[in-house]
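Any value given below was found using the heavy atoms of this structure, including those in side chains, with hydrogens, waters and symmetry copies removed.
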Amino acid sequence: MLLRQLEYLVALARERHFARAAAACFVSQPSLSAAIRRLEHELGVPIVRRGRRYEGLTPEGEVVLAWAHRILAERDALHQELSALRGGLTGTLRLGIVPTALPAASLLTTPFCERHPGARVGLESLSSADITHGLAAFELDAAMTYLDDDALRHVRRFPLYEERYVLLTPVDGPLATASTARWSRAAELPLCLLNPRMRNRRIIDECFAADGATALPTIESDSVAGLYAHLPNGRWSSVISHAWLHMFGVPEGMRVVPLEGPAHGPRVGLVVARDDPPSVLAEALLKVAREAGVRDALDALLTSYLGTGRS
């Protein structure tokens, strides 16, 4: 059994298409198909359900796939540890991030790359469920996500910051001069919010409900960038996490108003799998996180915007 055969199997399971998997591995489709058939012969079990097209893996194939992820992760860990012994980390840190934490990611990735110039970072914007799967399947080295996610198992957690929610509203709007605003008052404004599939939106809806209100946004977006794109025209207001200010700031003609309620929202943090041996790249990122002061940096940024009204 060759590692290359396992790489082909992982690619096929990911792409769910023989031609796309072959292209991802830079080989011809017949070569990929033949390698997987040899793997089936060597292991003595059917791995792929075949028809006129790819139809998924057999139960035995799912077991082989799980071991393939593990074996390839161990190979990568070996290379990483040897590179560290040679004087510098190499390889790619695979980092999954929930979309609402992406604006703060550079507070970790930039110092990581400065400290380890031979390493690279591959960022993926993923849902909480995809992050849980990616860590379990050895497809991710680490992730930035909500730490209170009950689906996370067998991981180490390192808190980075607590979400703090503020209102972005036009400078000529009814709440622009308020020192603070109630959630129920914010619900009366023309709103642009993330859509309900996003974990952040569901948290925000709970905050509205706690103040006896229901938000009925006119515009909903599946990305923070899509939300921010609607704000500079001076028509819409939005409720955002203070971490977003790090990347997007305050649009022209808008003001930041604190929302009354809990001082802090749910915790966002770094999670890594409890591997033995642990991923060298993940351990290096954890060391950076312990020294980065993400919470203090974001809180100081929010204080500066509250003091000036906007950037």
Side-chain angles (χ1 to χ4, degrees), residues 95-110 121-131 143-146 160-161 163-178 181 183 185-208 213-259 265-266 268 294 297-299 301-311:
L95 182 61
I97 307 180
V98 290
T100 49
L102 270 172
S106 65
L107 292 172
L108 292 184
T109 56
T110 296
V121 178
L123 296 180
E124 285 192 77
S125 178
L126 300 171
S127 68
S128 299
D130 287 337
I131 282 176
M144 285 179 64
T145 187
Y146 290 104
L160 293 173
Y161 63 91
E163 286 192 329
R164 301 177 63 180
Y165 302 118
V166 295
L167 177 69
L168 277 182
T169 195
V171 293
D172 58 355
L175 298 180
T177 59
W183 286 84
R185 289 292 308 281
E188 298 170 356
L189 301 174
L191 289 174
C192 174
L193 298 175
L194 294 176
N195 67 44
R197 294 190 300 275
M198 308 288 284
R199 171 72 182 279
N200 178 268
R201 168 63 186 282
R202 297 195 295 272
I203 294 169
I204 286 173
D205 281 345
E206 292 173 1
C207 292
F208 278 115
T214 300
L216 298 172
T218 306
I219 295 176
E220 294 180 328
S221 171
D222 66 352
S223 72
V224 177
L227 184 154
Y228 257 82
H230 288 82
L231 298 180
N233 65 19
R235 174 178 175 83
W236 309 105
S237 296
S238 186
V239 175
I240 69 165
S241 164
H242 75 308
W244 305 357
L245 296 172
H246 173 67
M247 178 175 178
F248 294 100
V250 179
E252 186 73 30
M254 303 291 286
R255 183 170 182 269
V256 181
V257 179
L259 286 160
V268 174
V294 173
L298 294 178
D299 286 350
L301 181 64
L302 176 59
T303 299
S304 71
Y305 279 120
L306 293 176
T308 61
R310 63 169 307 278
S311 59

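- For the atom pair NE2 (H246) and CG (L301), the distance works out to 8.0 Å, reported to the nearest 0.5 Å.
- In this structure, CG in L95 is found 7.5 Å from OG1 in T109, a value given to the nearest 0.5 Å.
- At a threshold of 4.5 Å between non-hydrogen side-chain atoms, the residues I204 and W183 count as touching.
- Between W244 and N200 the shortest side-chain heavy-atom distance falls below 4.5 Å.
- The stretch residues 96-109 participates, sequence neighbours left out, in no salt bridge (charged side-chain N to carboxylate O under 4.0 Å, His left out) pair at all.
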Side-chain donor-acceptor pairs of residues 96-104 under 3.5 Å, sequence neighbours excluded:
from	atom 1	to	atom 2	distance (Å)
T100	OG1	Y146	OH	3.2

Discussion item. Let's go through L191 and L216 carefully: what are the C-alpha distance in whole Å and the side-chain angles of both, what is the deciding distance for side-chain contact (heavy atoms from CB on, under 4.5 Å) to 0.1 Å, and is it a yes or a no?
Written reply: CA-CA 7 Å; L191 289 174; L216 298 172; over 6 Å; no
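- In this view, V166 and I240, V256, L302 satisfy the side-chain contact (heavy atoms from CB on, under 4.5 Å) rule, not counting sequence neighbours.
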Discussion item. Apply side-chain contact (heavy atoms from CB on, under 4.5 Å) to residues M247 and V224 and explain how you reach the verdict.
Written reply: CA-CA 10 Å; M247 178 175 178; V224 177; over 6 Å; no
Discussion item. Apply side-chain contact (heavy atoms from CB on, under 4.5 Å) to residues V294 and V268 and explain how you reach the verdict.
Written reply: CA-CA 11 Å; V294 173; V268 174; over 6 Å; no
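- The distance from atom CD of E252 to atom CG of L231, rounded to the nearest 0.5 Å, is 13.0 Å.
- Under the rule for a side chain to side chain donor-acceptor pair (under 3.5 Å), T110 has no partner lying at least two apart in sequence or in another chain.
- Inter-residue side-chain proximity for P266 and I203 is flagged as met; some heavy-atom pair is nearer than 4.5 Å.
- Here the CD1 atom belonging to I219 is positioned 12.5 Å from the CG atom belonging to L194, to the nearest 0.5 angstrom.
- Considering all non-hydrogen atoms of both residues, P170 and W236 come closest at CD-O, 3.7 Å.
- Residue S241 comes nearest to Y165 through the heavy atom pair CA-CD2, 4.0 Å, listed as atom of the first residue, atom of the second, then distance.
- To the nearest 0.5 Å, atom CG of residue L160 and atom CG of residue L107 are 9.0 Å apart.
- Among residue pairs with one or both ends in residues 215-230, those qualifying as side chain to side chain donor-acceptor pair (under 3.5 Å) are R201-E220; sequence neighbours excluded.
- Using a 4.5 Å cut-off on side-chain heavy atoms (C-beta onward), L167 and R185 make no contact.
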Discussion item. Pair L175, R255 - check side-chain contact (heavy atoms from CB on, under 4.5 Å), show working.
Written reply: CA-CA 9 Å; L175 298 180; R255 183 170 182 269; over 6 Å; no
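- Applying the side chain to side chain donor-acceptor pair (under 3.5 Å) criterion to S237, with sequence neighbours excluded, gives T169.
- In this structure, the side chain of R202 engages the main chain of R197 through a donor-acceptor pair within 3.5 Å.
- A distance of 13.0 Å separates CE of M198 from CG of D205, quoted to the nearest 0.5 Å.
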